Amino acid sequence: MRFTLLTGAVLLVSAQANAAIEQQLTQCAGITDKLERLVCYDNLAASIQVTTVTNNTTAPIAVAPVVTPAAAPAAVATAAPVAVAAAATNVEDNFGMEVKRVQENTTDKIYLNVESIAEDAYGALKVTFTNGQIWKQTENRKFNLKVGEKVFIEKAALGSFLMGTESRNAKVRVKRLK
């Protein structure tokens, strides 16, 4: 019997607390000015007692007093709107440009002169260039190349690279060894 009375009392108290929060939320939602509405929501969130559990002990956190919507314009008159607007503009200006800026600072194609050519046991070319780079063919296609020939290596899809010459349309997929 005591348990049911205790449970009923807890439910009644929590229902009243939820009703008060819902009423305050509707008041905040009724504010037409965006900044005032945000301040109202922030103050409502700050007014709710937040508890943290640390090492099996519960300690309440001090919260700021609630500012009524009538007093909100005075609290908003600080420089916060200017900083928020500047940060929002900067974020909006940079949105989607991160990848583009990285691409602007990279080279998509390089030209190299062949110093030596070797074939592995499977017939894949291992090409050494005059700048010391060594690239290996990863495809099984036949690709003719001569020492002293000028070739290009360009970026391809999914981080791969293609080697080719300007004199013909053939390209072969390669990877860098050194």
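Treat the numbers as computed from the prediction; the structure is a model and nothing was measured. What's counted below: heavy atoms across the whole structure, side chains too, no hydrogens, waters or symmetry copies. Residues: numbered from 1 along the sequence shown.
- Applying the 6.0 Å contact sphere to CG of Asn169 captures no more than 12 heavy atoms from other residues, nucleotides or ligands.
- Nearest heavy-atom pair across Asn140 and Gln137 is C-NE2, 4.4 Å.
- Considering CG of Asp42 and SG of Cys28, their distance stands at 9.5 Å, rounded to 0.5 Å.
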- Checking side chain to side chain contact (heavy atoms under 4.5 Å, CB included) for the pair Phe143/Arg168: CA distance, chi angles, key distance, verdict? CA-CA 11 Å; Phe143 189 75; Arg168 60 181 178 214; 3.4 Å; yes

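- Evaluation of the salt bridge (Lys or Arg N to Asp or Glu O under 4.0 Å) test over residues 109-120, restricted to residues two or more places apart or in two chains, returns Lys109-Glu166, Asp120-Lys136.
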- Query: Stepwise, does the side chain to side chain contact (heavy atoms under 4.5 Å, CB included) test hold for Arg176 with Val174?
  - Reply: CA-CA 7 Å; Arg176 186 170 177 179; Val174 293; over 6 Å; no

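- For the pair Glu149 and Ser167, the tightest heavy-atom approach, listed with the atom from each and the gap, is OE2-OG, 4.5 Å.
- Tested against Lys171, the residues Glu154, Glu139, Met163 include a single side chain to side chain contact (heavy atoms under 4.5 Å, CB included) partner, Glu154.
- Taken from NZ in Lys146 to CD1 in Ile117, the straight-line distance is 10.0 Å, to the nearest 0.5 Å.
- Rounded to the nearest 0.5 Å, atoms OG (Ser116) and NZ (Lys126) are 9.5 Å apart.
- Atom CG of Asp108 and atom CD1 of Ile153 lie 13.5 Å apart (nearest 0.5 Å).
- Taking NZ from Lys150 and OH from Tyr111, the interatomic distance works out to 7.5 Å, rounded to the nearest 0.5 Å.
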- Task: Would you please test Phe152 and Leu162 for side chain to side chain contact (heavy atoms under 4.5 Å, CB included) and show each step?
- Result: CA-CA 8 Å; Phe152 64 84; Leu162 294 173; 5.8 Å; no

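- Side-chain atoms of Arg173 never come within 3.5 Å of backbone atoms of Thr138 as a donor-acceptor pair (strictly under, hydrogens ignored).
- The shortest distance between side-chain heavy atoms of Asn113 and Phe129 does not fall below 4.5 Å.
- Ile134 and Val147 fall into different hydrophobic clusters, defined by Ile, Leu, Val, Met, Phe, Trp and Tyr side-chain heavy atoms under 4.5 Å apart, directly or through other members.
- Distance CD1/Ile21 to OG1/Thr26: 11.5 Å, rounded to 0.5 Å.
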